[in-house]
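Let me begin by presenting the structure, written as structure tokens, before commenting on it.
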Amino acid sequence: MAKTITTSREFDRHDLSDDQLRAMLRNMLLQRQLDNRGFQLNRQGKIPFALGSEGHEAAQAGAAMAFQRGKDVLSPYYRDLGLVLGVGYTPLEMLESMFARTSDRSLGRQFPNHYTNRSIGVLSFSSIIAAHCTHAVGVAYAFVYRGETGRAVLCSTGEGATSEGEWHEAVNFASVHALPIVFFVENNEWAISTPQSQQMAIRNVADKAASYGIPGTVCNGFDPISTYAAVKAALDRARTGGGPSIVEAKVYRFLSHSTDDDDRTYRSREIIEERRKDDPVPRFERVLADAGIVDEATLRTMRAEVLRETNEATDTAEAAPLPNAETLYQNVYEGPYEPWL
Amino acid sequence: MAKTITTSREFDRHDLSDDQLRAMLRNMLLQRQLDNRGFQLNRQGKIPFALGSEGHEAAQAGAAMAFQRGKDVLSPYYRDLGLVLGVGYTPLEMLESMFARTSDRSLGRQFPNHYTNRSIGVLSFSSIIAAHCTHAVGVAYAFVYRGETGRAVLCSTGEGATSEGEWHEAVNFASVHALPIVFFVENNEWAISTPQSQQMAIRNVADKAASYGIPGTVCNGFDPISTYAAVKAALDRARTGGGPSIVEAKVYRFLSHSTDDDDRTYRSREIIEERRKDDPVPRFERVLADAGIVDEATLRTMRAEVLRETNEATDTAEAAPLPNAETLYQNVYEGPYEPWL
Amino acid sequence: MAVTTKPQLMNNVEAVRAALHDALVRDDRVLIMGEDVGARGNVFLITKGFLDEFGPKRIIDTPLAEASIVGVAVGMAMEGLRPIAEIQFADFIYPAFNQIVGEAAKTRYRSNGDYTCPLVIRTPYGGGVRGALSHSVSIEALFYHVPGLKILAPSTPADIKGLLTAAIEDPDPVLFLEHKKTYRSVKGEVPDGYYTIPIGKADVKKIGSQLTVVSYGYNLHQALDAANRLQAEGLSVEVIDLRSIRPMDRTTILESLKKTRKLLIIHEDNKFGGIGAEISAMVVEEAFFDLDAPIRRLCGPDVPAMGYAHPLEEEFMISTDRMAQAMRELIAF
Amino acid sequence: MAVTTKPQLMNNVEAVRAALHDALVRDDRVLIMGEDVGARGNVFLITKGFLDEFGPKRIIDTPLAEASIVGVAVGMAMEGLRPIAEIQFADFIYPAFNQIVGEAAKTRYRSNGDYTCPLVIRTPYGGGVRGALSHSVSIEALFYHVPGLKILAPSTPADIKGLLTAAIEDPDPVLFLEHKKTYRSVKGEVPDGYYTIPIGKADVKKIGSQLTVVSYGYNLHQALDAANRLQAEGLSVEVIDLRSIRPMDRTTILESLKKTRKLLIIHEDNKFGGIGAEISAMVVEEAFFDLDAPIRRLCGPDVPAMGYAHPLEEEFMISTDRMAQAMRELIAF
Ligand SMILES: Cc1ncc(C[n+]2csc(CCOP(=O)(O)OP(=O)(O)O)c2C)c(N)n1
Ligand SMILES: Cc1ncc(C[n+]2csc(CCOP(=O)(O)OP(=O)(O)O)c2C)c(N)n1
Ligand SMILES: [Mg+2]
Ligand SMILES: [Mg+2]
């Protein structure tokens with residue numbers, strides 16, 4: 001059975017400094033701002049598609065804080081805005097991708113939220129759910145292969161992704177070789193319109209760890225500190241030769257799956273409203289305010305800053321040029337490529 | 001954690017009659033005889049390929065005894081000679097397949113040991129490991145769909161097969177729908193030359209049941225009664241709406257993987273000799289003799305009978321004609337088919 | 001093909017829906033399974049309301065696992081049901097490749113008919129809808145080489161309803177491809193009630209004399225537009241809708257060529273190894289001396305995918321202008 | 001291509017082995033992973049002894065799970081290693097289809113070069129070895145349509161060693177196909193030491209003037225035998241070994257056709273949608289007026305697989321006699 005990390009009623013900062021706690025909050029505010037921006041731009045007809053992580057902010061901010069920049073590698077999925085921001089992705093990169101500009105790292109090829117940034121250790125992935133998990137395992141193998149101790153991979157998916165055979169194969173391979181990797185599962189109870197009960201016959205994804213002889217931990221994904229603690233422990237374990245583990249963060253998807261979805265077809269407004277009461281963003285603002293780590297002024301500044309950053313990124317990205325048609329033929333293979341026309 | 005069914009030192013026949021106990025022994029003797037025949041014919045250059053289930057006899061004879069003929073469906077894999085014999089397959093069918101004769105149900109298309117017999121509820125499968133598991137789930141779904149209570153599916157694989165993503169997807173689907181199916185895993189510690197430790201990070205495959213919220217049971221696959229008891233309980237559960245489960249029988253592969261393999265390259269003769277001491281066939285002969293259920297005369301008759309059956313099947317099959325070349329074009333689709341030539 | 005008297009105007013989504021709905025009503029062995037086909041009614045709302053009407057046993061929201069969607073359906077089909085499995089987007093069919101190519105297509109053959117696999121796999125494919133790299137792909141050429149499979153890609157509501165009905169009744173596995181860009185943009189009259197269109201027959205959608213164009217999917221409609229444009233210029237183009245990719249209708253193509261003596265093949269899928277390759281090779285084998293000009297293929301460029309950015313999508317998709325131009329050139333050859 | 005002076009006689013298994021061994025020695029980023037590649041030394045004994053020589057970190061016996069064999073290798077490649085993944089038999093590559101087509105082939109493209117995927121996937125394919133329905137398949141046509149992939153199918157020891165070495169050094173994913181029936185039956189001189197053969201170049205294995213034959217794999221050797229037979233009859237056949245299926249060498253084929261004006265394509269894989277279709281279509285586009293006869297394809301029959309029974313295998317495989325006969329007919333055309 002998976003271990004559950006409970007969130008204590010009293011404020012427990014673990015080993016997090018004030019700066020780190022504020023950085024997590026800032027990450028969460030930035031996520032929400034960028035999410036809003038995406039949906040806004042979509043409504044304005046400026047971008048054809050957007051996707052939000054509302055409800056996942058705390059889990060992602062917490063997990064990202066456990067990541068060691070310059071050492072670890074992140075293998076995210078499309079809902080991981082807060083994870084990539086937390087490891088060094090910029091709002092501008094997000095907006096460039098939303099607008100599909102030349103400056104986008106995929107050169108306007110991928111959907112928004114399909115991150116890649118080798119320079120900060122963020123793996124490229126496709127839309128094919130769970131296909132990136134074995135890649136993450138390959139990276140972890142490379143660390144061991146080259147004797148690079150102290151490095152780990154953080155591989156993230158939704159709970160739905162754990163139904164894919166490839167997820168199973170990834171975790172199994174990692175466990176046979178005791179690789180330095182953490183499988184981080186953001187369980188938001190839904191895969192588009194499919195509830196968890198139609199996805200699996202268990203409550204805790206972390207219980208799947210039993211198949212692999214590795215630890216499974218459940219944490220409160222509405223609490224960044226709980227998530228940080230769980231992911232930090234798992235990453236530390238991985239970095240010191242303890243092998244892989246699964247960390248499940250209990251979150252909720254407040255929005256529709258994407259701008260292409262309308263969740264009113266499959267879940268009631270009442271449920272969403274009820275769940276919104278635990279909204280992790282105001283919750284963590286309160287926690288830090290109560291602990292005296294932020295005050296109203298700091299909060300105001302933070303909010304203003306993330307708005308300004310988002311605005312600037314929007315303006316810059318919007319003004320940037322679209323990729324030329326000829327770029328369609330680039331980077332099919334290394335070197336020049338002449339497609340048969 | 002998986003439940004373990006221990007084999008009691010005293011003779012415990014469960015609900016098995018003398019006739020059933022003798023039938024299980026006969027099945028085991030027949031398996032061994034047919035196995036020998038395959039390898040013999042291969043050495044004689046009469047057939048290009050053979051495969052044996054030595055070490056699996058007891059597990060298969062026991063599991064097959066829990067199968068309800070005319071009701072249940074068996075979705076076997078290539079090492080399941082004893083399972084298919086136990087549900088109604090004939091030695092002649094085996095030999096026809098070894099010799100690839102016209103009378104072979106696959107019309108000489110499939111490798112030996114690639115069973116199919118719809119009339120007795122044995123599903124067809126390919127060589128692609130674990131690909132049949134989702135089919136077995138589909139059959140179980142059909143039972144529920146049509147309201148056919150009291151029917152269950154017995155789906156069998158080796159332990160290696162449980163590494164495949166498709167195995168995971170099959171068990172997950174079955175558990176979400178609480179389908180009447182038993183995943184029977186014959187854990188012989190090897191997948192060709194790959195030991196279990198390179199295949200998975202756990203000792204008991206049955207522990208994988210935790211991922212699916214279903215029961216997992218380990219039984220002694222050298223003891224047909226222990227296996228019968230475990231599979232019977234699981235099938236009964238399935239037939240009465242209790243949903244799927246995993247039953248793992250601990251067996252051992254005494255032979256090389258097939259006539260194409262030479263296991264001396266990866267395991268020592270000493271280990272095999274050591275494990276042979278537990279050979280389930282003489283062991284069960286002794287058990288039944290000690291319990292007074294068979295005597296020397298019965299045993300002699302049985303042995304003579306299975307030899308005679310095997311000889312007759314060999315002669316009949318060998319004398320049967322090979323498929324005509326034109327049959328290559330049959331049954332690609334229903335009805336006549338004109339391939340582009 | 002029994003056609004009744006009250007045709008209805010439908011778009012392609014409605015035609016798919018009608019065929020599915022009628023089959024569910026007609027045959028209780030028929031069921032639908034896939035991701036989000038239940039309460040959500042599929043991401044294009046094709047099965048909207050089916051869950052309420054037919055219940056969760058027949059409209060199954062599956063776990064997120066394509067190999068099992070197809071694999072479980074194969075098992076159902078072997079056991080006598082008539083499952084219709086949906087892959088949410090064609091781009092996500094790859095994890096089910098083993099079940100389609102290794103299993104479904106070989107079930108009848110490997111058991112010499114002891115078991116069969118009457119299964120339909122439906123999936124939306126194709127680009128031009130800002131689906132970016134992973135929601136735009138064409139997959140027909142990855143499967144058309146596989147004996148034991150049938151592959152359909154009809155483009156009009158009437159063809160979709162008739163062919164999907166035929167596919168559901170077919171005793172063998174059928175891959176049924178629906179071009180996303182035609183879903184709501186293409187409308188047409190659909191015969192009311194039950195009818196089927198035989199699998200394996202192409203359809204001459206426009207009669208002409210100077211050039212034969214073979215196409216399917218979204219491109220078919222563009223090719224018809226282009227041919228109509230050329231008509232105004234006094235040029236006569238015959239447009240054949242392939243509809244069935246496997247089996248392929250040689251006769252209709254070869255008959256047309258006897259008249260026009262020139263062939264242009266148009267498809268959105270990449271050129272190298274695409275459907276056009278087999279059509280061209282077949283024609284050269286069967287009717288080499290009927291040809292007055294080299295066969296030309298106008299296809300999607302040989303790159304992994306169209307991009308998300310508009311210019312990249314536009315560069316990938318074949319414009320109607322380019323089609324018209326290629327037609328003119330070939331007629332003038 | 002640096003050729004040294006001491007050629008060695010090898011069969012195809014030994015050539016694969018030599019290329020792998022030398023790469024492991026030369027480049028410590030290179031590793032081998034697959035089912036039973038360790039202690040067993042692969043089911044054809046190709047990697048026999050490698051485990052002892054290079055250790056379990058570099059010679060990995062993987063779990064029985066093809067998607068992860070390729071997927072984990074993709075991740076290693078993205079991270080800078082040079083994995084060589086083995087699929088035990090080509091028939092078992094289907095579960096890895098998603099990782100090959102959806103992932104490996106698109107890694108560079110979807111990240112615009114931010115990540116690359118220098119990966120080799122080796123697998124034995126082909127029939128005529130009593131491998132029955134599921135150990136005999138040809139898979140090249142299931143992959144050759146995929147931009148981003150390279151596919152090699154060399155047939156002689158020298159080509160195998162040079163091309164496998166090139167594949168391992170290639171910065172992009174390469175599917176490397178080894179015909180089982182040539183493994184021990186084909187022998188030839190192999191240059192000693194390090195050399196590579198450029199990917200994407202066909203090779204004229206026999207010069208001739210009256211007919212061009214394009215083939216690869218086991219068939220290539222039969223085609224050479226048949227061509228030699230015809231030589232005795234005074235007929236002159238040019239035999240081109242395709243070697244590289246993607247990219248495909250148009251130049252060598254078109255150059256040859258300028259001379260011979262007739263083309264016969266031979267492959268074991270099913271005809272419909274096979275490699276021959278693209279070759280034919282390409283030639284028609286590029287050199288229609290160079291042709292004095294219809295292009296002919298001699299291919300495996302369009303059935304799901306060859307059977308286990310000897311007559312079924314024989315019916316499927318193309319005999320050298322049939323090849324010679326087709327050559328005679330086309331020359332006489
Ligand atoms: C292989 C594959 N199948 C289906 C899809 C379509 N799809 C996109 S997101 C999604 C649901 C994912 O759910 P989950 O893993 O729980 O992540 P969440 O979106 O809830 O964060 C589906 C079915 C896909 N992208 N890839
Ligand atoms: C998908 C697939 N991969 C690889 C193989 C080759 N192969 C045949 S049997 C086998 C080992 C199977 O081991 P296990 O499942 O433990 O069954 P056992 O043979 O031990 O009874 C392998 C790797 C195959 N048939 N199918
Ligand atoms: Mg989810
Ligand atoms: Mg085993």
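Keep in mind that this is a model prediction, so the values were computed, not measured. What you see below is based on every heavy atom in this structure, not just the backbone, and it leaves out hydrogens, waters and symmetry mates. Order of the sequence lines sets the chain letters (A, B, ...), proteins ahead of strands, with each chain counted from 1.
- Contacts between C:Pro56 and chain B at a heavy-atom distance below 4.5 Å involve the backbone alone (N, CA, C, O).
- Both the backbone and the side chain of B:Arg118 come within contact range of chain C, each with at least one heavy atom under 4.5 Å from a heavy atom of that chain.
- Between atom CG of residue C:Asp203 and atom OG1 of residue C:Thr252 there is a gap of 8.0 Å, rounded to the nearest 0.5 Å.
- Residue B:Glu166 touches chain C through its side chain alone, counting heavy-atom pairs closer than 4.5 Å.
- Across B:Asp104, B:Val122, B:Val73, the residue that shares the most heavy-atom pairs under 4.5 angstrom with chain C is B:Val122.
- Proximity to chain C (any heavy atom under 4.5 Å) is shown, for B:Ala136, by neither the backbone nor the side chain.
- The aromatic rings of C:Tyr216 and C:His267 sit tilted, their planes meeting at an angle between 30° and 60°.
- Using cut-offs of 30° and 60° for the angle between ring planes, the C:Phe97 and C:Phe143 rings count as tilted.
- Contacts with chain C were tallied for B:His114, B:Arg146, B:Gln330; B:Arg146 has the most, counting heavy-atom pairs under 4.5 Å.
- Contact annotation for B:His177: only side-chain heavy atoms (C-beta onward) come within less than 4.5 Å of a heavy atom of chain C.
- Chosen from C:Ala67, C:Gly113, C:Gly75, the residue pairing most often with chain B at heavy-atom distances under 4.5 Å is C:Gly75.
- For C:Lys57, the parts lying under 4.5 angstrom from a heavy atom of chain B are both the backbone and the side chain.
- Your options are C:Lys150, C:Gln99, C:Met78, C:Met33, and the one with the most heavy-atom pairs under 4.5 Å with chain B is C:Gln99.
- Cation-pi geometry between B:Arg109 and C:Tyr109 is satisfied (NZ or CZ under 6.0 Å from the ring centre, within 45° of the ring normal).
- Under the 4.0 Å criterion applied to side-chain N and carboxylate O atoms, C:Arg243 and C:Asp241 are not assigned as salt-bridge partners.
- For C:Arg58, the parts lying under 4.5 angstrom from a heavy atom of chain B are both the backbone and the side chain.
- Highest contact tally toward chain B, considering only C:Asp170, C:Ile60, C:Val70, is held by C:Ile60 [criterion: heavy-atom pairs under 4.5 Å].
- For the pair B:Arg151 and B:Asp72, the salt-bridge criterion is not met [side-chain N within less than 4.0 Å of a carboxylate O].
- Using a 4.5 Å cut-off between heavy atoms, B:Tyr145 contacts chain C through both its backbone and its side chain.
- When ring centroids are compared, B:Tyr115 and B:Tyr89 come within the 6.0 Å threshold.
- The most heavy-atom pairs under 4.5 Å with chain C, out of B:Gly108, B:Ser119, B:Gly138, come from B:Gly138.
- For C:Asp172, the part lying under 4.5 angstrom from a heavy atom of chain B is the side chain only.
- Put simply, CD on B:Gln68 and CG on B:Leu154 are 12.0 Å apart, with the number rounded to the nearest 0.5 Å.
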Quiz item: Would B:Glu318 and B:Arg101 satisfy side-chain contact (heavy atoms from CB on, under 4.5 Å), going step by step from the backbone distance to the final call?
Solution: CA-CA 8 Å; B:Glu318 196 168 4; B:Arg101 291 318 199 232; 4.2 Å; yes
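- Between the CZ atom in C:Phe288 and the CG atom in C:Leu257 there is a gap of 13.0 Å [rounded to 0.5 Å].
- In this structure, chain C has heavy atoms under 4.5 Å from both the backbone and the side chain of B:Leu328.
- In terms of heavy-atom pairs under 4.5 Å with chain C, the best-connected choice from B:Val139, B:Asn117, B:Val153 is B:Val139.
- B:Phe125 and B:Tyr77 have their aromatic ring centers separated by at least 6.0 angstrom.
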